[in-house]
Colleague: 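Handing you a structure now.
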Amino acid sequence: MGYQDVARDILTHVGGRENIASLVHCATRLRFKLKDPKQANAEALKRNPGVIMVVESGGQFQVVIGNHVHDVYNAVCAEAGITEDNAQSSQETSEKVSLLSRLIDIVSAVFTPFIGVMAASGILKGLLAVAVVFGWLATDSGTYKLWFAASDALFYFFPLVLGYTAGKKFGGNPFITMAIGGALTHPVVMQALDASSKAGAASEYFLGIPITFINYSSSVIPIIFAAWVSCWVEKHSNKLLPSAVRNFFTPLFCLAITVPLTFLLIGPAATWLSHMLALGYQAIYAFAPWLAGAVMGAIWQVCVIFGLHWGLVPLMINNLSVFGHDTLLPLLLPAIMGQVGACLGVFLRTRDTRLKMLAGSAVSAGIFGITEPAVYGVTLPNRRPFIFGCVAGAIGGAIVGFSHSNVYSFGFANIFTIAQMIPPGGIDASVWGAVIGTLIALVLSCVLTCIAGLPRSETEMPEMAKVQENEILAPMSGTVLAMNQVPDSTFASGLLGEGAAIIPLTGKVIAPFYGEVASLFQTRHAIGLLSDSGIEMLIHIGIDTVKLDGQFFTAHVKVGDKIKPGDLLIEFDRQAILDAGYDLATPVIISNSDDYTAVKRMTNKLSVDSGMPFLTVSR
């Protein structure tokens, strides 16, 4: 898929290797932390066919790639000479960022390295719950125990895993912070916890100070704070110690200081904070569960767009750690399926081959919880499907909240989340409420999109504006570029005439006025038109597309044919041309510009629909 070409373009438009402070990736995005965000060119990067969208949020420059993001990440690292050890190095940027942005940056960097394993573990737990309910497995069988261990290991030993990733994020030795996480779940500590629980008071002391033993298995916040302290100690120890003993004594100081400090102060304080967060959320949820569901169902995808959803991930995991269940994750499933339903509606409604293919693939990805292709590629560009998806998500979320649905293991919202909602006692009303809410979100968004999601079928003749003899309608729909922005010096200089360019959204060229076909290139990539009023026009589809030798282009007219506004002139396979590596910027040129005093655009909008007023000429 030409990952190296995409990687080179990404590196160029983020300001080069020297501008990258850190780089991680999640399920669909490359997440850059740039030293100087002003050097990045998001608009130029959006024009790359291998990039779905670019989002600047949470102190990060996020490049949405899709399901093959890991391949692009590897290509970017290879092109930039970035290794795994320094990809997440913590460096200061030239701009100050808000506390919320720092929080989101930390959370995303800590959790993204194992996001796939975390989702898989949750799915496996849900499938085991289904197997037990239907009697396929018994909880005391060896098969169940092995699969349960596989699904639970990551969550049980969260302090070790988070210790490693947090250590890398904070710029320290990740093996030191992982060892600290191991100390929190060590068998000796667990035995002391049992003893203190039976005694009802502190039974162990550290240098005379009573130790408060807490079960840190599956915990999140304590190890992140402990990792930050350890990295701080490591940094200052390296400054003070001579290089000859630094490799031994720095880890010694980190372990000897941070582990007791975690058990005596950091752990209890962080655990108290964890309980306060969980109880605070629970109080809000208890006030009006249906309202919480409606709000989360409506805004979740908006949070995903800006990368703000990472701020809620620790809260969900924290709820599971404190209460043994979580009510937030079920509220998100209708939001996911609302966008899936909207994509399904587009798939059923549209007759545009490329949009249908894109919507179909987005549906399959969305079912498994990956909604970026759906949002950025289908629903958001068409606006109304995205809104319908959010509205349906709000209604479905309200039903799920009203049903008091819970999940009993963590994973990212997808079709398997239903299985994770099954309580130990078997399927109950809360599960059916979640199923009903999710189905309503899916069906409602699909129906609304089918009815009113698209302004017209892409194969129907566009509604044509009345055209005057000095006016030219847009021959295609797409993004408008000034002629000097066209990536070809011949067109950009105006040597061939004045006009403007369009980056097409569909693969159709229509007649922009009454007249005739004056010329048609043998390769069908360009066409010359002559209006009844004497306007000579050249429409050149893409840059250097003559090299395709007619491949991907189909002409529906011939030289000498009479045309009227809206007549189909040429069809082309937009995606195939992009995949072949060509720029689709299409100059629309008035060839006899010298016969007129001015050639002007009739709209200042960044986009135009085919058949709408586009250019005007005056003598």
Colleague: Would a 4.5 Å heavy-atom cut-off, applied to side chains only, mark Q301 and V375 as touching?
Modeller: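 When only atoms from C-beta onward are counted, V375 and Q301 do touch, with a gap below 4.5 Å.
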Colleague: Please report the C-alpha distance between N592 and D595 in whole Å, then the side-chain angles of each, then the deciding distance to 0.1 Å, and finally whether the side chain to side chain donor-acceptor pair (under 3.5 Å) criterion is met.
Modeller: CA-CA 6 Å; N592 58 338; D595 296 343; 3.3 Å; yes
Colleague: Between F416 and F368, what is the ring plane arrangement, given parallel below 30°, perpendicular above 60°, and tilted in between?
Modeller: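 If you compare the ring of F416 with that of F368, the planes turn out tilted.
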Colleague: Is there side-chain contact between Q339 and C390, with at least one heavy-atom pair below 4.5 Å?
Modeller: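 Side-chain contact under 4.5 Å: yes.
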Colleague: For residues F388 and T379, determine if any side-chain heavy atom of one lies less than 4.5 Å from a side-chain heavy atom of the other.
Modeller: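 The answer is no, as the side chains (C-beta and beyond) never meet within the 4.5 Å cut-off.
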Colleague: Apply side chain to side chain contact (heavy atoms under 4.5 Å, CB included) to V51 and V54, showing your working.
Modeller: CA-CA 8 Å; V51 174; V54 177; 4.0 Å; yes
Colleague: Between F572 and F553, what is the ring plane arrangement, given parallel below 30°, perpendicular above 60°, and tilted in between?
Modeller: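 Ring orientation of F572 relative to F553: tilted.
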Colleague: Is the number of heavy atoms from other residues, nucleotides or ligands under 6.0 Å of I415 CD1 greater than 12?
Modeller: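 12 or below, so no.
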Colleague: Going by side-chain contact (heavy atoms from CB on, under 4.5 Å), M537 matches just one of P512, S531, P475. Which one?
Modeller: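 The option that passes is P512.
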Colleague: Name all residues meeting the salt bridge (charged side-chain N to carboxylate O under 4.0 Å, His left out) criterion together with E43; count only those two or more places apart in sequence or in a different chain, and write none if there are none.
Modeller: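 Per chain and number, E43 pairs via salt bridge (charged side-chain N to carboxylate O under 4.0 Å, His left out) with K46.
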Colleague: Taking all atoms of both residues into account, what is the closest heavy-atom pair of L569 and I563, and its distance?
Modeller: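 That closest heavy-atom pairing would be CD2-CG2, 3.9 Å.
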Colleague: Can you name the closest pair of heavy atoms from N414 and L333 and give their distance?
Modeller: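 Closest pair (atom of N414, atom of L333, distance): O-CD1, 3.3 Å.
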Colleague: I want to check something: taking the side chain as every heavy atom from C-beta on, are S477 and V608 in contact at a cut-off of under 4.5 Å?
Modeller: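 No - every pair of side-chain heavy atoms lies 4.5 Å or more apart.
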Colleague: Ring-plane angle category for Y73 and H70, please: parallel below 30°, perpendicular beyond 60°, tilted otherwise.
Modeller: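 The rings of Y73 and H70 lie parallel, inter-plane angle below 30°.
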Colleague: Take L30 and Q62 through the test side chain to side chain contact (heavy atoms under 4.5 Å, CB included) and record every step on the way to the result.
Modeller: CA-CA 6 Å; L30 296 174; Q62 304 172 19; over 6 Å; no
Colleague: Is there a side-chain contact between I589 and M483 (heavy atoms, below 4.5 Å)?
Modeller: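 A side-chain contact under 4.5 Å exists here.
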Colleague: Could you list the donor-acceptor pairs under 3.5 angstrom formed by side chains in residues 8-16, with sequence neighbours left out?
Modeller:
| unit_1 | atom_1 | unit_2 | atom_2 | d |
| --- | --- | --- | --- | --- |
| R8 | NH1 | E79 | OE2 | 3.2 |
| R8 | NH2 | D5 | OD1 | 2.4 |
| D9 | OD1 | H13 | ND1 | 3.2 |
| D9 | OD2 | N48 | ND2 | 2.7 |
| T12 | OG1 | R8 | O | 2.9 |
| H13 | ND1 | D9 | O | 3.0 |

Colleague: Verify, without hydrogens or angle tests, whether D609 (side chain) and M612 (backbone) share a donor-acceptor contact under 3.5 angstrom.
Modeller: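 It does not hold such a pair.
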Colleague: Between H540 and T586, is there a side-chain heavy-atom distance shorter than 4.5 Å?
Modeller: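 No, every pair of side-chain atoms sits at 4.5 Å or beyond.
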Colleague: Which heavy-atom pair separates S593 from E498 by the least distance, and what is that distance?
Modeller: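 Nearest pair, atom of S593 first, then E498: OG-N, 2.9 Å.
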Colleague: Identify, with sequence neighbours excluded, every residue that meets salt bridge (charged side-chain N to carboxylate O under 4.0 Å, His left out) alongside D544.
Modeller: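 Expected list: none.
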Colleague: Mind running side chain to side chain contact (heavy atoms under 4.5 Å, CB included) on K564 and Y514 for me, showing each step along the way?
Modeller: CA-CA 4 Å; K564 63 181 183 299; Y514 290 96; 3.6 Å; yes
Colleague: Would you compute the distance between atom CG of D561 and atom CG of L529 and round it to the nearest 0.5 angstrom?
Modeller: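 Between D561 CG and L529 CG, I get 11.0 Å after rounding to 0.5 Å.
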Colleague: I590 versus I535: any side-chain heavy-atom pair under 4.5 Å?
Modeller: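 Sidechains of I535 and I590: in contact.
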Colleague: With no hydrogens and no angle check, is any side-chain donor or acceptor of S445 less than 3.5 Å from a backbone partner on G338?
Modeller: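 Looks like yes, one N/O pair under 3.5 Å.
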Colleague: Would you call L520 and I570 a side-chain contact if the rule is heavy atoms closer than 4.5 Å?
Modeller: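 L520 reaches I570 side chain to side chain.
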Colleague: Nearest 0.5 Å, please: how far is CD1 in I20 from CG in D36?
Modeller: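 Nearest 0.5 Å value for the CG-CD1 distance: 13.0 Å.
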Colleague: Is there a side chain to side chain contact (heavy atoms under 4.5 Å, CB included) between D567 and I510 once you walk through the steps?
Modeller: CA-CA 5 Å; D567 285 351; I510 65 168; over 6 Å; no
Colleague: Knowing that exactly one of I543, I541, L548 qualifies, which makes a side-chain contact (heavy atoms from CB on, under 4.5 Å) with Y582?
Modeller: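 The option that passes is L548.
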Colleague: Using the ring of F347 (Phe, Tyr or Trp, six-membered ring only), decide whether K356 places NZ or CZ under 6.0 Å from its centre and within 45 degrees of its axis.
Modeller: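 That pair qualifies as a cation-pi contact.
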Colleague: Hey, is the main chain of G550 close enough, under 3.5 Å, to the side chain of R524 for a donor-acceptor pair?
Modeller: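 Side chain of R524 to backbone of G550, a donor-acceptor pair under 3.5 Å: yes, one is there.
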Colleague: Could you grab the distance from atom SG of C446 to atom CZ of R349, nearest 0.5 Å is fine?
Modeller: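 Spacing of SG (C446) from CZ (R349) equals 12.0 Å.
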Colleague: At their closest point, which heavy atom of P385 faces which heavy atom of G453, and how far apart are they?
Modeller: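 Minimum heavy-atom separation between P385 and G453: CD-O, 3.3 Å.
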